[in-house]
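Okay, here's the structure, questions in a sec.
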Amino acid sequence: MAAATTCSQLNLNFISFNTQSSKPRFNPSSTCCALPSSSHSNKSYSAEPQPLFSSVKSFAPATVANLGPGFDFLGCAVDGIGDHVSIRVDPNVHPGELSISHISGAGSKLSKDPLMNCAGIAAIAAMKMLNIQSVGLSLSLDKGLPLGSGLGSSAASAAAAAVAVNELFGGRLSQSDLVSAGLESESQVSGYHADNVAPSIMGGFILIRSYDPLELVQLKFPDNKKLFFVLVNPEFEAPTKKMRAALPQEVTMSHHVWNCSQAGALVASVLQGDIIGLGKAMSNDKIVEPKRAPLIPGMEAVKKAAIKAGAYGCTISGAGPTAVAVTDDEERGKEIGERMVEAFMKEGNLKATAMINQLDRVGARVVSSVPR
């Protein structure tokens, strides 16, 4: 595992590690499962750690991916909403395996088969990295994020699961390892992209510099600057596969140059704490948003309403249908949210709810634990 290198003048942290695809073994007669040894991490633990806790509960925040021109390589975490995962040592589960015992919240319809559940896949990947063989684990998932919302729902579950397993055994895995475990899940569930799971685990803004090998860059937004996300989620389903299928197979050179310049401006704005510049850049995608917005009823009117109400910028969060606007004032954010909700109803005939959330600078974390 390459060591993290801090570039203090630019407030960047570079993290590099190798990744490869890994297929799970599946036993259709069992709700427990095992993945082959993960090749996502160069770390190898020959000595199996023993659990320090009988149970651990963790939380992972929602994320906003793409941020306009940053398709599949930019994302950030937002505070206040996300998923909780509890992991406990369970003598009724075969050693080295995982069982999903309970799912609540917005994920009540999700499968309890660990190989068909993003939290389960990530938890097993973390277990394999730690070489867990002598104890079985049971997982409980409380979904605070709606499915298919464009807020990184699957990534939050995966992030929380990986963090909980790691803490249970003493926190031996690095953030890089945890992102790798999350990518095991994302690659099985929604595609091989880290712009949700990396910020959910690491917090703040994350740039995916490379996928082969995977290299992540932490972009530090200044601590003395306020940033509020206005997240407006309509009652509309926008499956990720459908939204990705709408993307163009080819782009013109002029659009390529434009989007690159906007992505560069967005990164610079994050590092400088320039929210006006950030909003302007995230609003000016010419490749992805123009293809996806027409598939979400009222989205174009919602964006116009947000800007008119004082938002510095607005775009689609991830694959949608959630719309995200940015501001530096919470009260103004509430007004922006109201106007966006009205636009969804008036122009798209969709009911919607608005939330005002700040940047999550911490990422996935443990919220409680019970010693053995």
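Computed from heavy atoms alone, side chains included, the values below leave out hydrogens, waters and symmetry copies. Since we're looking at a predicted model, the values are computed, not measured.
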Assess the residue pair Met282 and Leu266 against the criterion (side chain to side chain contact (heavy atoms under 4.5 Å, CB included)); give the C-alpha distance rounded to whole Å, side-chain angles, the decisive distance to 0.1 Å, and a yes or no. CA-CA 7 Å; Met282 68 182 279; Leu266 196 155; 4.1 Å; yes
Using only atom types and a distance under 3.5 Å, with no angle test, would you say the side chain of Arg209 pairs donor to acceptor with the backbone of Leu207? no
Just wondering, do Lys109 and Leu147 contact through their side chains at under 4.5 Å, heavy atoms?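 No, every pair of side-chain atoms sits at 4.5 Å or beyond.
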Correct closest heavy-atom pair for Ala156 and Pro61 would be CB-O, 3.8 Å
Are Leu173 and Leu183 co-members of a hydrophobic cluster defined by side-chain heavy atoms under 4.5 Å apart? yes
Side chain of Ser283, backbone of Cys314: donor and acceptor closer than 3.5 Å?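 Yes.
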Go through Asp195 and Ile206 one step at a time and tell me if the side chain to side chain contact (heavy atoms under 4.5 Å, CB included) criterion holds. CA-CA 7 Å; Asp195 50 344; Ile206 302 295; over 6 Å; no
Min side-chain heavy-atom separation Asn357-Leu231 under 4.5 Å: yes
Working for side chain to side chain contact (heavy atoms under 4.5 Å, CB included), residues Lys304 and Glu347: CA-CA 11 Å; Lys304 291 178 181 178; Glu347 301 296 334; over 6 Å; no
Give the minimum heavy-atom separation between Ala281 and Pro69, together with the two atoms involved. O-CD, 3.4 Å
Of Ser99, Ser86, Ser101, Ser55, which is the lone residue that meets side-chain hydrogen bond (donor to acceptor under 3.5 Å, both in side chains) with Ser138? Ser101
Short N-O contact, Glu335 and Arg332, less than 4.0 angstrom: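 Between Arg332 and Glu335 there is no salt bridge, as every charged N stays at least 4.0 Å from the carboxylate O atoms.
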Could you pull out all residues at least two apart from Asn117 that satisfy side-chain hydrogen bond (donor to acceptor under 3.5 Å, both in side chains)?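 For Asn117 there are no side-chain hydrogen bond (donor to acceptor under 3.5 Å, both in side chains) partners, ignoring immediate neighbours.
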With clusters defined by side-chain heavy atoms of hydrophobic residues (ILVMFWY) lying less than 4.5 Å apart, directly or transitively, does Met299 cluster with Leu67? no
So, does Tyr211 use its side chain to make a donor-acceptor pair with the main chain of Phe73 at under 3.5 Å?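 Not confirmed, Tyr211 side chain does not pair with Phe73 backbone.
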Sidechain N-carboxylate O distance under 4.0 Å for Lys280, Asp274: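 Salt bridge: no.
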Scan residues 157-171 for pairs that pass side chain to side chain donor-acceptor pair (under 3.5 Å), counting only residues two or more places apart or in two chains. Asp83-Ser157, Lys143-Ser157
Show your working on side chain to side chain contact (heavy atoms under 4.5 Å, CB included) between Asp72 and Tyr192 and close with a plain yes or no. CA-CA 9 Å; Asp72 273 8; Tyr192 192 79; over 6 Å; no
Leu52 and Leu168: same hydrophobic cluster, using ILVMFWY side-chain contacts below 4.5 Å?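 Yes; Leu168 is reachable from Leu52 via cluster members.
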Please determine whether the number of non-hydrogen atoms from other residues, nucleotides or ligands lying under 6.0 Å from atom CD of Gln50 exceeds 12.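 Yes, the 6.0 Å shell around CD holds more than 12 heavy atoms from other groups.
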Taking atom OG of Ser54 and atom CZ of Arg88, what is their separation to the nearest 0.5 Å? 9.5 Å
So, does Ser58 use its side chain to make a donor-acceptor pair with the main chain of Ala160 at under 3.5 Å? yes
If you compare all heavy atoms of Met127 against all heavy atoms of Glu97, which two are closest, and at what distance to 0.1 Å? CE-O, 3.6 Å
I'd like to check Gln218 versus Met202 (side-chain heavy atoms, cut-off strictly below 4.5 Å). Are they in contact?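 Counting from C-beta outward, Gln218 and Met202 do come under 4.5 Å.
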Ionic contact status for Asp142 with Lys57, cut-off 4.0 Å: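 Result for this pair is no, no salt bridge flagged.
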Roughly how far, to the nearest 0.5 Å, is CD1 of Ile287 from CZ of Arg292?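 Atom-to-atom, Arg292:CZ and Ile287:CD1 are 12.0 Å apart.
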Picking from Ile100, Leu98, Ile124, Val93, what satisfies side-chain contact (heavy atoms from CB on, under 4.5 Å) with Leu137?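 Going through the options one by one, the only one that passes is Leu98.
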Can you tell whether the side chains of Lys303 and Glu300 come within less than 4.0 Å, N to carboxylate O?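 Looking at Glu300 together with Lys303, the answer is no, because their closest N to O distance does not fall below 4.0 Å.
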Just wondering, do Lys286 and Ser254 contact through their side chains at under 4.5 Å, heavy atoms? no
Evaluate the side-chain proximity of Pro290 to Asp285: yes if any heavy-atom separation is below 4.5 Å, no if none is.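 They are in side-chain contact.
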Is it true that Thr353 and Asn233 share a donor-acceptor pair across their side chains at a distance under 3.5 Å? no
Look at the side-chain heavy atoms of Ile, Leu, Val, Met, Phe, Trp and Tyr, link any pair under 4.5 Å apart, and say whether Ile356 and Leu145 land in one connected group. no
Starting at CD of Glu250, measure out to NE2 of His255 and round the result to the nearest 0.5 Å. 14.0 Å
What is the distance from atom CD1 of Ile208 to atom CG of Leu74, rounded to the nearest 0.5 Å?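 If I round to the nearest 0.5 Å, the distance is 7.0 Å.
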Identify the two heavy atoms, one from Ala246 and one from Lys291, that lie closest to each other, and give their separation to 0.1 Å.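 Closest pair (atom of Ala246, atom of Lys291, distance): O-CB, 3.6 Å.
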Rounded to the nearest 0.5 angstrom, the CG-CG distance for Asp90 and Leu139 is 11.0 Å
Check whether any side-chain heavy atom of Arg372 lies under 4.5 Å from a side-chain heavy atom of Val89, and answer yes or no. yes
Is the shortest side-chain heavy-atom distance between Gln188 and Leu115 below 4.5 Å? no
Keeping the roles fixed (side chain from Glu186, backbone from Val197), state whether a donor-acceptor pair exists under 3.5 Å.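 A pair under 3.5 Å: no.
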Which residue in the set Leu278, Leu227, Ile276 passes side-chain contact (heavy atoms from CB on, under 4.5 Å) when paired with Tyr312? Ile276
With a 4.5 Å limit on heavy-atom distance, are the side chains of Asp329 and Phe228 in contact? no
What pair of heavy atoms forms the shortest contact from Phe344 to Pro321, and how long is it?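 Taking Phe344 first and Pro321 second, the nearest heavy atoms are CZ-O, 4.0 Å.
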What is the minimum heavy-atom distance between Gly152 and Thr63, and which atoms define it? CA-OG1, 3.6 Å
Separation between OG (Ser368) and CZ (Phe59), nearest 0.5 Å, reads 13.0 Å
What I want to check is whether the side chains of Ser180 and Asp177 have a donor and an acceptor closer together than 3.5 Å.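 Side chains of Ser180 and Asp177: no pair found under 3.5 Å.
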Is it the case that one hydrophobic cluster holds both Val232 and Ile316, taking links as side-chain heavy atoms less than 4.5 Å apart, direct or via other members?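 Same cluster.
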